[in-house]
Asks: 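Got a structure for you, written out below as structure tokens; questions coming shortly.
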Amino acid sequence: MAIIAAAGEGSRFSSDISKESPKQCRMLLDYPLYMWSLREFISSAYISSIVLVGNEYILSSMQEQVDAIDTNKKIDVISGGKNRQESVYLGLKQSASHTPKPMHALIHDAARPLITKHDIDAVVSEVIASGAATMASVVPDTVKKVDRDTLYIKETLNRDELYLAQTPQGGRLDWLLEAHEKLVLTGREVTDDAACLEYAGHSVKVVPGSRFNIKVTHSEDMDFCRYILSHRSL
């Protein structure tokens, strides 16, 4: 089971982003941004069903795109919440309503279009083995902790112990649901599902990922993705 989070409005992407034209629907070569990761998840034999969590303003167009895909996989298209955390929680609850109920779930950000089937399968395998896992990449540069007010360096961190978290992330579905429910009860917000699982007391294993698995945040990131995808298909 996979949940693809595509409900964000991409406020940092560009000045002309609107609710009716969010980042994840911008065209990347021949497909909307979110379709690239969706197609990779469809190609994985590990993924039996998918929940695509979208912005309410573009659900109908998302449904049309999904209907056009020739696949035997069950793909639900649902509306997201007010933030990523709530959207993922809604996706998890939708997943839990399936019969039979999935044992594990992967969560992926639609804004990471360069994910590959190989990466997805690697995370699934570790989730099955360890209970919870996230893809992450090593930090190639020296990292400085800086005082935001003065911009003086406070500390140089040991990069050997630092990884950049990516998606997919996942774990046992019951763990994920309980962890998200705990966040709801406490009013706490976290930035990813690995942190959610950590907050609930679960250990999360890292699966080394590619530095190409970037999250499209700024408009120039689309140019990078176009270059990689156009060469990947050659």
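Residue numbers count from 1 along this sequence.
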Asks: Quick check: closest heavy atoms across D192 and A165, and the distance to 0.1 Å?
Replies: OD2-CB, 3.8 Å
Asks: Measure across S79 and E56 and return the closest heavy-atom pair with its distance rounded to 0.1 Å.
Replies: OG-CB, 3.5 Å
Asks: Would Y46 and L106 count as a side-chain contact (heavy atoms from CB on, under 4.5 Å) if you check the C-alpha gap in whole Å, the side-chain angles of each, and the deciding distance to 0.1 Å?
Replies: CA-CA 10 Å; Y46 283 110; L106 250 61; over 6 Å; no
Asks: L90, I4: one ILVMFWY side-chain cluster at the under-4.5 Å cut-off?
Replies: no
Asks: Just verifying a value: how many Å separate Q169 CD and L197 CG, rounded to the nearest 0.5 Å?
Replies: 8.0 Å
Asks: Working to the nearest 0.5 angstrom, can you tell me the gap between I42 CD1 and S49 OG?
Replies: 11.5 Å
Asks: Are the side chains of L114 and L229 in contact, using a 4.5 Å heavy-atom criterion?
Replies: yes
Asks: Can you list the other members of the hydrophobic cluster that holds V190, where links are side-chain heavy atoms under 4.5 angstrom apart?
Replies: L183, Y199
Asks: Okay, side chain of S37, backbone of Y34: is any donor-acceptor separation there less than 3.5 Å?
Replies: yes
Asks: Rounded to the nearest 0.5 Å, what's the gap from CG on D221 to CZ on R226? Could you check?
Replies: 10.5 Å
Asks: The criterion is ring pair (Phe, Tyr, Trp, His ring centres under 6.0 Å); which residues satisfy it with Y31, sequence neighbours excluded?
Replies: W36
Asks: So, taking the atom named CD in Q166 and the one named CD1 in I115, what distance separates them when rounded to the nearest 0.5 Å?
Replies: 7.0 Å
Asks: Of all heavy-atom pairs between A194 and V204, which one has the smallest distance, and what is that distance?
Replies: O-CG2, 3.9 Å
Asks: Does D76 have any side chain to side chain donor-acceptor pair (under 3.5 Å) partners at least two apart in sequence or in another chain, and if so, which?
Replies: K74, Q94, H98
Asks: Can you tell me if S230 uses its side chain to pair, donor with acceptor, with the backbone of Y227 under 3.5 Å?
Replies: yes
Asks: Please check if I153 and L157 belong to a single hydrophobic cluster, counting links between Ile, Leu, Val, Met, Phe, Trp and Tyr side chain heavy atoms closer than 4.5 Å.
Replies: no
Asks: For M1 and V51: C-alpha separation, side-chain torsions, deciding distance, then whether side-chain contact (heavy atoms from CB on, under 4.5 Å) applies.
Replies: CA-CA 8 Å; M1 157 61 65; V51 177; 4.1 Å; yes
Asks: Heavy atoms only: give me the nearest M62-V77 pair and the separation to one decimal.
Replies: CB-CG1, 4.2 Å
Asks: Under 4.5 Å between any side-chain heavy atoms of M222 and C225, yes or no?
Replies: no
Asks: Who pairs with D109 by salt bridge (charged side-chain N to carboxylate O under 4.0 Å, His left out), at least two apart in sequence or on another chain?
Replies: R84
Asks: Compare all side-chain heavy atoms of K215 with those of T167 and state whether any distance is below 4.5 angstrom.
Replies: no
Asks: For the NZ atom on K73, are there more than 12 heavy atoms of other groups (residues, nucleotides or ligands in this structure) within a distance under 6.0 Å?
Replies: yes
Asks: I need the minimum non-hydrogen distance between V53 and G91, along with the two atoms involved.
Replies: CG2-CA, 4.0 Å
Asks: Using side-chain contact (heavy atoms from CB on, under 4.5 Å), reason through I69 and M35 one step at a time and then give a plain yes or no.
Replies: CA-CA 10 Å; I69 297 175; M35 284 292 291; 3.3 Å; yes
Asks: Could you go step by step and tell me if V124 and H104 meet the side-chain contact (heavy atoms from CB on, under 4.5 Å) rule?
Replies: CA-CA 8 Å; V124 172; H104 305 91; over 6 Å; no
Asks: Write down the atom of V139, the atom of V143, and the distance for their closest heavy-atom approach.
Replies: CG1-CG2, 3.4 Å
Asks: My understanding is that only residues two or more places apart in sequence, or in another chain, count here; which of them pass ring pair (Phe, Tyr, Trp, His ring centres under 6.0 Å) with Y152?
Replies: none
Asks: Once ring pair (Phe, Tyr, Trp, His ring centres under 6.0 Å) is applied, do any residues pair with H202, and if so which ones, sequence neighbours excluded?
Replies: W175
Asks: Can you tell me if K23 uses its side chain to pair, donor with acceptor, with the backbone of V216 under 3.5 Å?
Replies: yes
Asks: Answer yes or no: does atom CE of M103 have more than 12 heavy-atom neighbours from other residues, nucleotides or ligands under 6.0 Å?
Replies: no
Asks: First locate atom OG1 of T186, then atom CD of E181, and finally report the distance between them rounded to the nearest 0.5 Å.
Replies: 12.0 Å
Asks: Between I78 and L92, is there shared hydrophobic-cluster membership here, with clusters defined by ILVMFWY side-chain heavy atoms closer than 4.5 Å?
Replies: yes
Asks: Rounded to the nearest 0.5 Å, how far apart are CG of L151 and NZ of K154?
Replies: 12.0 Å
Asks: Mark yes when over 12 heavy atoms from residues, nucleotides or ligands other than R211 sit less than 6.0 Å from its CZ; otherwise mark no.
Replies: no
Asks: Check the angle between the aromatic planes of F212 and F224 and answer parallel, tilted or perpendicular using the 30° and 60° thresholds.
Replies: tilted
Asks: Using a distance-only test with no angle check, is there a side-chain donor-acceptor pair under 3.5 angstrom linking N213 and S210?
Replies: no
